[in-house]
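Let me begin by presenting the structure, written as structure tokens, before commenting on it.
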Amino acid sequence: MALLDGLNKVQQEAAAYTEGPSMIIAGAGSGKTRVLTYKIAHLIEKGVDPFNIMSLTFTNKAAKEMKARIEEIIGTQARSVWMGTFHSVFSKILRIEADKIGYPSNFTIYDSDDSKSIIRKIIKEEQLDDKTYKPNLVLGRISSAKNNLISPRDYNNNASLLSTDKESGKGKIGDIYTIYQERLKRASAMDFDDLLFNTNVLLRDNADVLIKYQRRFKYFLVDEYQDTNHSQYLIVKRLAAQSENITVVGDDAQSIYAFRGANIQNILNMNKDYTNLKTFKLEQNYRSTQNIVNIANSIISNNKKQIEKTIWTSNDIGEKISLNSTLSDTEEGSLVARNIFSIKNTQHANNTDFAILYRTNSQSRSMEDALRKMNIAYRIYGGLSFYSRKEIKDLLSYYRLVINHNDEEAMMRVINYPKRGIGSTSLDKLRIEANRLQMSLWDLMTNIMQSNILAKGTANKIYDFVNMIRTFALDLKKKNAYDLANDIAKKTGIYSTLYAAREDQDGIMRFENVEELLSSIKEFTEEENDEADAVEMRTLELFMEDIALHTDADKNNEENQDVVTLMTIHASKGLEFPYVFVVGMEENLFPSMMSLTSRADIEEERRLFYVALTRGEKQVFLSYAGSRYKWGNLQYSEPSRFLSELDSKYVEDNTMDQLLSYDQSPIVRSMQATKNKDFKSFVSKTKPKSKLQSRKQVDIQTNNKKLKRVEKSTVRSGVSHDQANSIKEGMEVFHDRFGRGKVETIEGPKGDRKAIVVFANSGTKTLILKFAKLRILKQ
DNA sequence: GTATTATCTAAGTCT
DNA sequence: TAGATAATAC
């Protein structure tokens, strides 16, 4: 048992329980990865062949890290364990067994952009209104059908689905689904959901294949089980039916992927599926301070449905949760950056000790700007990823087309890029003909010279293109990934086109991106093969398989750079940081506007907030902004309802001081004077839980309301826009309270411009010009 | 068939 | 605001 010595009692029991089904309910920070790691190591030490173990994780990075840790414990045999995400592990199996489900093994994996583009085309072809049939919405319907293993035929036979669609005026979704699936098939492509759907089909319809993998895999471990969907659930259930050696690990409180079909019932129903299920609860949190654990508990207790458990910690009490407010998103950014800067100095912390977490990717912008101004290095995970840039997609599309000629999305992207004189008129003709003959564009094009759809000249150009792609394909098995990739970049003319277009900053960047892609392929080519892959040359096909399911979260911080982490809360799941900033704590943003209509959605948002809080080890900072830019428009916002759920015992509320520091107008000051009056009238309308809590809460809310009132009235009676707009950088100005100062910079759109003013005696202040009655002293 | 200009719409989270 | 698409001119 020496191996498991480093674990606490429950952890040990969970790790040592190897035979039969078990479920580990693991609270945030309770060491579940540790338990999983040691359980696998323990299995192998016990004599189980690593070849017989399948471990499914949420990200490929998690799998990689776990593998490395097991290797540290028991050596290189760990490499033979099959580890990865559902999507990556089963796409591997699908390639091996492709012929059983009527696919070629070189099928392409379509990402959501590809899927969306097909849906758009279908909507257009079917002459449906794209305002009624929004691609995202249609795709969401199709995706959830697939995750529940409903085929197009099932869909069109399902009265309840059809009537739901009809009632919402979208009766054609079933038809779109049918056509969509035909197009994917014709392109030899699968979308993300197909990888799971088709695995189910494979295992359901081919008893021999099912038995083969049941014999191969004797032990199954599934991490983040609360985030599996029905399709994933069934795959595991089928494969584990023979051995029943299945371990699932999860935390219902951290279920945040219902929107993509995750079904919390999977975890709640485990004991129905496996009557001899053994359940372990990891309740001790090793990650966070008492304050953080307590506040997280207080938040999650607002949710109705939960598995009973008590998360506790023996760590220090720690700092209180810091609650902050600013007038705008820009200022929120600089507040965060300033805080990071000062903690770095006072606590001798590194950049890597900090994470800034937000609800939506678009919020990264203001944080980025602020960090850059303060010269703090950062790295954004997610968002517009490298692989979704145009120039990268173009080149990758060539690779895709060379590997799978039927890949129509790739084909349409590159057939006339660089320009070959094959325009949209010809392509439309080809597409219509291909649809009529139910054949792929490629098949039609290979016969182009025999048909008379196109003029001779155009046909010739297409013939040349087809030949070029064929020539590249001859090298797929002969050349390594880099050599072929490089060949394609050069011979197609992409490389030279981008080289020639380095006129501006954007052009230079595009060229550099392509170079970066090529060098990453080079790196890939030189890496060692994973044990689970056959020992063979690192080909372009392997590279493309690798990146199809590779997400930003999988990217390692290879150079071990000292950077602040910026990511969505979703992406932060499973991670931890000493200092965590959760920004944009505003109604309609977090919780998201889309979630407000249903209780279940709000509860998911709340779990998301729980996840955010529990990422913190030492201290958590929450902030909200009174206004924020959305699509280039300024929008005003209210503090998030979640803030009113915080138990004030654990909160240090800075919002009052912060709001008052912006009092540039007499009206705000008069507001201060009448504070108590307003406060009382507000309190009488609320039924506080506890005095302390309500007090803080009321402060936040009344402040915000007053602020809005003030803004409205000042806009009307205060400085006119003309006058506010006449203030320019470099001017000397006078402020009633701050005195004399010089305008450093001016930013923001007309009507909402802000000035950073350096005052002689009051320091540097950011002022909203339409409120701040600045007098111009010197032009 | 291609270049230029006007107009639209998007960002909710992810494999 | 910015990128994508449609409309228009060449």
Side-chain angles (χ1 to χ4, degrees), chain A residues 56-62 84-91 109-117 120-121 124 130-131 134-137 139-140 143 146-147 190-197 224 227-229 231-232 255-262 357-365 381-385 387-390 416-428 454-455 457-458 461 506 547-554 567-573 584 588-596 601 604-605 607-609 611-612 628-635 748-749:
Chain A
L56 298 163
T57 53
F58 199 71
T59 63
N60 288 309
K61 187 185 174 194
T85 61
F86 271 89
H87 290 86
S88 67
V89 165
F90 294 110
S91 75
I109 298 169
Y110 272 4
D111 66 17
S112 4
D113 285 345
D114 296 317
S115 301
K116 214 183 286 177
S117 145
R120 272 208 199 93
K121 276 180 219 158
K124 211 173 205 180
D130 60 358
K131 291 207 174 60
K134 293 202 169 127
N136 274 330
L137 195 139
L139 214 46
S143 172
K146 284 186 182 178
N147 287 328
M190 297 190 197
D191 66 16
F192 290 129
D193 302 318
D194 283 337
L195 295 174
L196 306 173
F197 185 100
E224 308 283 9
D227 286 325
T228 53
N229 59 36
S231 188
Q232 292 167 318
S255 156
I256 54 174
Y257 281 99
F259 72 90
R260 69 171 210 221
L357 307 180
Y358 33 76
R359 179 64 180 77
T360 66
N361 279 304
S362 57
Q363 289 166 256
S364 67
R365 187 71 168 273
Y381 288 78
L384 186 69
S385 90
Y387 294 108
S388 53
R389 287 165 207 273
K390 184 188 177 300
N416 200 31
Y417 177 80
K419 294 256 160 2
R420 298 190 173 82
I422 306 170
S424 54
T425 318
S426 309
L427 289 173
D428 284 347
L454 298 178
T458 320
K461 289 172 193 163
D506 287 352
I547 62 162
L549 298 168
H550 194 280
T551 65
D552 239 33
D554 296 330
M567 54 171 55
T568 62
I569 303 168
H570 280 92
S572 76
K573 193 168 73 156
N588 293 330
L589 180 61
F590 192 20
S592 153
M593 195 175 341
M594 322 275 211
S595 71
L596 299 182
D601 285 353
E604 176 148 318
E605 297 282 310
R607 291 193 294 270
L608 193 58
F609 186 34
V611 168
R628 180 176 294 284
Y629 278 92
K630 216 174 187 181
W631 305 308
N633 292 317
L634 191 69
Q635 306 217 317

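Since the model is a prediction, treat every value here as computed from it, not as a measurement. Chain identifiers are assigned alphabetically (A, B, ...) following the order of the sequence lines, protein sequences preceding nucleic acid strands; residue numbering begins at 1 within each chain.
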What's the separation between atom [atom1] in [X] and atom [atom2] in [Y], rounded to the nearest 0.5 Å?
{"X": "S143(A)", "Y": "N229(A)", "atom1": "OG", "atom2": "CG", "result": "8.0 Å"}
{"X": "L139(A)", "Y": "S115(A)", "atom1": "CG", "atom2": "OG", "result": "5.5 Å"}
{"X": "F590(A)", "Y": "L608(A)", "atom1": "CZ", "atom2": "CG", "result": "4.5 Å"}

Checklist entry - Crowded around R420(A) CZ? As in, over 12 foreign heavy atoms under 6.0 Å? => result yes

* Asked: More than 12 heavy atoms of other residues, nucleotides or ligands under 6.0 Å from NZ of K134(A): is that the case?
  -> no

Whether F192(A) and H87(A) hold their rings parallel, tilted or perpendicular, with breakpoints at 30° and 60° = perpendicular

Nearest-Å distance for atom pair [atom1]/[atom2], residues [X] and [N]:
{"X": "N60(A)", "N": "dT15(B)", "atom1": "CG", "atom2": "P", "answer": "9 Å"}
{"X": "D193(A)", "N": "dC14(B)", "atom1": "CG", "atom2": "C1'", "answer": "11 Å"}
{"X": "F609(A)", "N": "dG12(B)", "atom1": "CZ", "atom2": "C1'", "answer": "18 Å"}
{"X": "L608(A)", "N": "dG12(B)", "atom1": "CG", "atom2": "P", "answer": "15 Å"}
{"X": "F86(A)", "N": "dC14(B)", "atom1": "CZ", "atom2": "P", "answer": "19 Å"}
{"X": "R628(A)", "N": "dG12(B)", "atom1": "CZ", "atom2": "P", "answer": "14 Å"}
{"X": "L427(A)", "N": "dT2(B)", "atom1": "CG", "atom2": "C1'", "answer": "14 Å"}
{"X": "H570(A)", "N": "dT15(B)", "atom1": "NE2", "atom2": "C1'", "answer": "13 Å"}

Using the side-chain heavy atoms of [X], tell me which of these nucleotides is nearest: [options].
{"X": "M594(A)", "options": "dA11(B), dC14(B), dG12(B)", "value": "dG12(B)"}
{"X": "S426(A)", "options": "dG12(B), dG1(B), dA3(B)", "value": "dG1(B)"}
{"X": "S112(A)", "options": "dT15(B), dC14(B), dA11(B)", "value": "dT15(B)"}
{"X": "T458(A)", "options": "dC14(B), dT15(B), dG1(B)", "value": "dG1(B)"}
{"X": "T568(A)", "options": "dT15(B), dT2(B), dC14(B)", "value": "dC14(B)"}

Looking for any heavy atom pair under 4.0 Å, which part of the strands does [X] touch: base, sugar-phosphate only, or nothing?
{"X": "T425(A)", "answer": "sugar-phosphate"}
{"X": "K461(A)", "answer": "nothing"}
{"X": "E605(A)", "answer": "base"}
{"X": "K390(A)", "answer": "nothing"}
{"X": "F58(A)", "answer": "nothing"}
{"X": "N416(A)", "answer": "sugar-phosphate"}

Min and max contacting nt of DNA chain C in 5' to 3' order, chain A heavy atoms within under 4.0 angstrom, are dT1(C) to dA6(C)

(Q) Does the structure place the NZ or CZ of K573(A) under 6.0 Å from the centre of the six-membered ring of Y257(A), at an angle of no more than 45° from the ring's axis? (A) no

ask   = So, does S572(A) use its side chain to make a donor-acceptor pair with the main chain of I569(A) at under 3.5 Å?
value = yes

Item to complete: Look at the side chain of R260(A) against the base of dT15(B) and say whether a donor-acceptor pair falls under 3.5 Å; ignore hydrogens and angles.
Response: no

For this session: Report yes if a side-chain nitrogen or oxygen of N361(A) is closer than 4.0 Å to either non-bridging phosphate oxygen (OP1 or OP2) of dT13(B); otherwise report no.
Result: yes

Any side-chain N or O of N136(A) below 4.0 angstrom from OP1/OP2 of dA10(B)? no

Work out how far the C1' atom of dA11(B) is from that of dA4(C), and round it to whole angstrom. 15 Å

Between S595(A) and R420(A), the residue closer to the 5' end of DNA chain B by nearest nucleotide is R420(A)

Comparing T360(A) with K131(A), nearest DNA chain B nucleotide closer to 5' gives the residue K131(A)

Exercise. Would you please say whether a donor-acceptor pair under 3.5 Å links the side chains of S592(A) and S595(A)?
Key: no

